[in-house]
Student: 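The structure follows.
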Amino acid sequence: MSAKAESRLTPRERLARGLTYSTVGPVDVTRGVVGLGVQSAQSTASQIRRKYQEGRLAQELAAAQETLAQELAAAQDVVANLPQALQDARRARRRTKRPWVFAGAAVAVLAGGAVAFSLVRRSVRAKPQDPQSRPPSVEVQPRP
């Protein structure tokens, strides 16, 4: 048999072949047992690693579920208190005097504008008309 054929054998096949043939038996039996031991150790290590990761994942999942439950409880509290908060906000809004302040400011601005308009109008009327420096282009006296 070639080296390629030997390297392709699994540890179980090597053990079976070692037990079958007496000449290469002790070497194959040893290699088969060692190979099975290594595979068993690798399998056990991967199972332990997987169990550890699943355990850690379970802990993370439990923590996430707890956080989600807390957030949901907080949201329920907010929703439960929403009608009372809206009612309080409406009461607070009714008590403000802000609309009266705006109305008063608007009246003051309008009154100030009216006074300014009347003063400007009087000053324009009180001014004597400037005599025109140029004669009229049309005769003032109609012809008979």
Student: Counting only pairs under 3.5 Å, give me each side-chain donor-acceptor contact of residues 107-115, with atom names and distances, residues two or more places apart or in other chains.
Tutor:
none

Student: For S43 and S46, which heavy atoms make the closest approach, and how far apart are they?
Tutor: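 S43 and S46 have their closest heavy atoms at O-OG, 2.9 Å.
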Student: Of all heavy-atom pairs between R8 and E13, which one has the smallest distance, and what is that distance?
Tutor: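 Looking at all heavy atoms of both residues, the shortest contact is O-OE1, 4.3 Å.
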Student: For S40, does its backbone N or O pair with a side-chain atom of T44 as donor and acceptor, under 3.5 Å?
Tutor: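 Confirmed, T44 side chain pairs with S40 backbone.
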Student: Can you list everything that forms a side chain to side chain contact (heavy atoms under 4.5 Å, CB included) with Q87? Sequence neighbours excluded, please.
Tutor: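 Side chain to side chain contact (heavy atoms under 4.5 Å, CB included) list for Q87, sorted by chain: Q84, R91.
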Student: With rounding to the nearest 0.5 angstrom, report the OG1 to CD distance, T10 to Q39.
Tutor: 7.0 Å
Student: Got a list of side-chain donor-acceptor pairs under 3.5 Å for residues 49-58, not counting sequence neighbours?
Tutor:
none

Student: Can I get a per-line list of side-chain donor-acceptor pairs under 3.5 Å for residues 68-83, giving both atom names and the distance, sequence neighbours left out?
Tutor:
| from | atom 1 | to | atom 2 | distance (Å) |
| --- | --- | --- | --- | --- |
| N81 | ND2 | D77 | O | 3.2 |

Student: Under 4.5 Å side-chain heavy-atom separation, chaining through any Ile, Leu, Val, Met, Phe, Trp or Tyr, what else clusters with V38? Say none if it is isolated.
Tutor: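 Its cluster mates, by chain and number, are V34.
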